[in-house]
**Student:** 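Before we start, here is the structure in question, set down as structure tokens.
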Number of protein chains: 2
Amino acid sequence: MIKMARLTEYGFMLIMALKKSSHPVSAEYLAQTVGLEVPTVSKILKQLRKAGLLDSKRGAYGGYFLMKRKRDISLHEVIEAMEGPLALTECADLNGDCRLIDHCYMSAGMRRVNQVISQALQNVTVSEIMDTDRKITLQLKS
Amino acid sequence: MIKMARLTEYGFMLIMALKKSSHPVSAEYLAQTVGLEVPTVSKILKQLRKAGLLDSKRGAYGGYFLMKRKRDISLHEVIEAMEGPLALTECADLNGDCRLIDHCYMSAGMRRVNQVISQALQNVTVSEIMDTDRKITLQLKS
DNA sequence: CGCATATAGGACTAAATTGGTACCATATAA
DNA sequence: TTATATGGTACCAATTTAGTCCTATATGCG
Ligand code: FES
Ligand code: FES
């Protein structure tokens with residue numbers, strides 16, 4: 001069905017619930033806000049942090065906060081942070097191991113398609129998908 | 001990782017191995033050609049047929065053949081045939097059931113992104129991804 | 001007709017992935 | 001020093017996907 005992982009969806013929601021350069025927000029508070037369990041939220045936040053989208057502060061009054069404004073975070077960044085590099089087919093991935101690689105005449109083609117979709121996702125920001133009034137305008141080149 | 005199902009990959013390969021309006025080709029022969037097991041190939045061919053991409057002829061000297069030329073089959077058609085409608089997030093799908101639908105501010109946005117990616121996939125044909133020399137030129141609008 | 005060939009359809013099992021949880025170590029504020 | 005909160009990792013459960021098998025039906029041909 002070509003869908004992102006559920007945890008990635010949750011990741012988006014958490015990012016939307018956070019802000020740049022304000023007081024850190026704890027995983028527990030975020031969990032309540034978004035309606036998820038604390039361990040799950042924790043897991044996602046750690047992952048997003050590792051990817052550099054968030055930063056955290058430990059200890060009392062600690063928590064998480066964004067590293068950039070939402071208008072500067074692309075969908076691609078978030079998806080890559082949660083799921084690793086986009087690869088439509090096994091052979092479009094550098095580390096893919098499809099048993100049919102010898103019979104495959106579309107590796108190069110799929111890599112190009114991959115590229116196009118990556119571009120598309122890089123051109124949309126988190127704040128754009130939050131704002132239902134604004135139109136998304138994408139300019140894609142091959 | 002945003003990837004298509006493996007069976008979809010195989011589906012592409014089978015389509016590439018087939019031709020329009022020539023003698024039908026049996027599942028067994030295709031399996032040998034592509035390097036897969038017969039039952040698996042059968043399953044995929046049935047599914048592609050049901051979606052109208054292929055047609056078949058039963059009985060002796062029967063088999064499968066394409067309904068269109070490969071230059072008229074879009075990636076989107078194949079993917080949709082194998083995996084159903086594209087839905088990046090649960091909430092971008094009409095039948096999606098995400099438990100967080102009440103907290104979700106990106107349903108509309110994701111639907112738009114979904115739309116953009118669908119467009120991209122509709123604009124690339126099977127023959128284009130087979131031909132490594134040709135450039136893919138996509139024109140996408142929001 | 002009767003046999004060999006080949007698909008139609010659906011049920012079933014096994015494997016892989018993903019979702020979700022838990023635990024212990026470390027850092028920080030007061 | 002205590003309460004709070006993240007860091008890292010390992011683990012189990014649930015779901016999804018891959019792959020197989022079986023029986024019914026259609027077709028060509030001797
Ligand atoms: S599809 Fe498997 S290698 Fe290209
Ligand atoms: S992400 Fe689950 S409903 Fe939008």
Side-chain angles (χ1 to χ4, degrees), chain A residues 1-11 13-14 18 23-32 34-65 67 79 82-84 87 89-90 93 96-100, chain B residues 1-11 13-14 18 23-32 34-65 79 82-84 87 89-90 93 95-100:
Chain A
M1 210 209 272
I2 310 276
K3 68 176 159 207
M4 63 178 72
R6 225 162 239 224
L7 294 183
T8 308
E9 272 184 60
Y10 299 164
M13 301 181 95
L14 290 171
L18 282 167
H23 297 302
V25 180
S26 74
E28 187 176 356
Y29 179 81
L30 283 168
Q32 287 177 350
V34 180
L36 287 167
E37 308 311 313
V38 180
T40 302
V41 168
S42 263
K43 184 182 185 175
I44 298 168
L45 291 168
K46 287 173 195 170
Q47 210 166 336
L48 291 173
R49 179 188 171 280
K50 219 162 150 184
L53 284 166
L54 309 180
D55 202 354
S56 60
K57 197 180 168 196
R58 287 196 188 183
Y61 299 92
Y64 293 89
F65 51 93
M67 292 292 274
I79 293 174
M82 294 298 296
E83 323 194 2
T89 56
E90 209 60 48
D93 187 4
D97 67 329
C98 179
R99 53 190 273 208
L100 299 188
Chain B
M1 208 207 276
I2 310 276
K3 68 179 163 207
M4 63 179 71
R6 226 163 240 230
L7 293 182
T8 309
E9 271 186 62
Y10 300 164
M13 301 181 95
L14 290 171
L18 282 167
H23 297 302
V25 180
S26 75
E28 188 175 355
Y29 179 81
L30 283 168
Q32 288 177 349
V34 180
L36 286 168
E37 308 311 314
V38 180
T40 302
V41 168
S42 263
K43 184 182 185 176
I44 298 167
L45 291 169
K46 285 173 197 170
Q47 211 167 335
L48 291 173
R49 178 187 172 280
K50 218 162 151 186
L53 284 166
L54 310 179
D55 204 354
S56 60
K57 197 180 169 196
R58 287 196 187 184
Y61 299 91
Y64 293 90
F65 51 94
I79 293 173
M82 293 297 298
E83 322 194 3
T89 56
E90 208 61 47
D93 187 6
N95 300 343
D97 67 330
C98 179
R99 53 191 273 207
L100 299 187

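Chain letters run A, B, ... following the sequence lines, proteins first and then strands; every chain starts at 1. Just so it is clear, the structure is predicted and the values come from calculations on it, not from any experiment.
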**Student:** Let's go through E83(A) and K3(A) carefully: what are the C-alpha distance in whole Å and the side-chain angles of both, what is the deciding distance for salt bridge (Lys or Arg N to Asp or Glu O under 4.0 Å) to 0.1 Å, and is it a yes or a no?
**Tutor:** CA-CA 11 Å; E83(A) 323 194 2; K3(A) 68 176 159 207; over 6 Å; no
**Student:** Where the side chain of Y10(A) is defined as all heavy atoms beyond and including C-beta, which of dG20(C), dG7(D), dT21(C) is the nearest nucleotide?
**Tutor:** dG20(C)
**Student:** Taking OP1 and OP2 of dT18(C), is either one under 4.0 Å from a side-chain nitrogen or oxygen of R6(A)?
**Tutor:** no
**Student:** Using a cut-off of less than 4.0 Å, is there contact between a side-chain N or O of S56(A) and OP1 or OP2 of dG7(D)?
**Tutor:**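 S56(A) to dG7(D) OP1/OP2: side-chain N or O found under 4.0 Å.
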**Student:** Quick one: NZ on K57(B) to CZ on F65(B), what's the gap to the nearest 0.5 Å?
**Tutor:**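 The CZ atom of F65(B) is 8.0 Å from NZ of K57(B), to the nearest 0.5 Å.
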**Student:** Would you say T40(A) reaches dT21(C)'s phosphate, i.e. side-chain N/O to OP1/OP2 under 4.0 Å?
**Tutor:** yes
**Student:** Please give, in whole Å, the distance from dT21(C) P to I44(A) CD1?
**Tutor:**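 The answer, rounded to whole Å, is 11 Å.
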**Student:** Tell me, do S56(B) and Y64(B) make a side-chain contact under 4.5 Å, heavy atoms counted?
**Tutor:** yes
**Student:** What is the distance from CG of L48(B) to P of dT7(C), rounded to the nearest Å?
**Tutor:** 14 Å
**Student:** Can you tell which of dT7(C), dT18(C), dT21(C) lies closest to the side chain of A5(A)?
**Tutor:** dT18(C)
**Student:** Regarding T89(A) and E9(B), is there a side-chain donor-to-acceptor distance under 3.5 Å anywhere?
**Tutor:**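 Note: T89(A) and E9(B) side chains miss the donor-acceptor criterion.
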**Student:** Measure across Y10(A) and T40(A) and return the closest heavy-atom pair with its distance rounded to 0.1 Å.
**Tutor:**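 Minimum heavy-atom separation between Y10(A) and T40(A): CD1-CG2, 4.4 Å.
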**Student:** Would you indicate, yes or no, if dG7(D) has its OP1 or OP2 atom less than 4.0 angstrom from a side-chain nitrogen or oxygen of Y64(A)?
**Tutor:**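 Yes.
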**Student:** On DNA chain D, does the nearest nucleotide to E28(A) precede the nearest nucleotide to K43(A) from the 5' side, or the other way round? Give the residue.
**Tutor:**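 Looking at DNA chain D, the more 5' nearest nucleotide goes with E28(A).
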**Student:** Report the distance from atom CD1 of I44(A) to atom CZ of R6(A), rounding to the nearest 0.5 Å.
**Tutor:** 12.0 Å
**Student:** Just the rounded figure in Å: distance from C1' of dT7(C) to NZ of K50(B).
**Tutor:** 14 Å
**Student:** Using atom CZ of F65(A) as one end and atom C1' of dA5(D) as the other, report the distance to the nearest whole Å.
**Tutor:** 13 Å
**Student:** What does the B/S/- profile of nucleotides 23-30 of chain C look like, 5' to 3', with a 4.0 Å heavy-atom cutoff to protein?
**Tutor:** ---BBBS-
**Student:** Just the rounded figure in Å: distance from C1' of dT6(D) to CG of L14(A).
**Tutor:**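 Distance, rounded to whole Å: 15 Å.
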**Student:** Starting at atom CG of D55(B), determine the distance to atom P of dA8(C), rounded to an integer number of angstrom.
**Tutor:** 8 Å
**Student:** Between R49(B) and dA8(C), does any side-chain N or O lie under 4.0 Å from OP1 or OP2?
**Tutor:**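 Looking at the OP1 and OP2 atoms of dA8(C), one of them is under 4.0 Å from a side-chain N or O of R49(B).
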**Student:** Rounded to the nearest angstrom, tell me the gap between atom CZ in R99(A) and atom C1' in dA15(C).
**Tutor:** 13 Å
**Student:** Rounded to the nearest 0.5 Å, what separates atom CG in L7(B) from atom CG in L14(B)?
**Tutor:**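 L7(B) atom CG to L14(B) atom CG measures 10.0 Å (nearest 0.5 Å).
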**Student:** Without decimals, in angstroms, what is the distance between L100(A) CG and dA18(D) P?
**Tutor:**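 In whole Å, dA18(D) P lies 13 Å from L100(A) CG.
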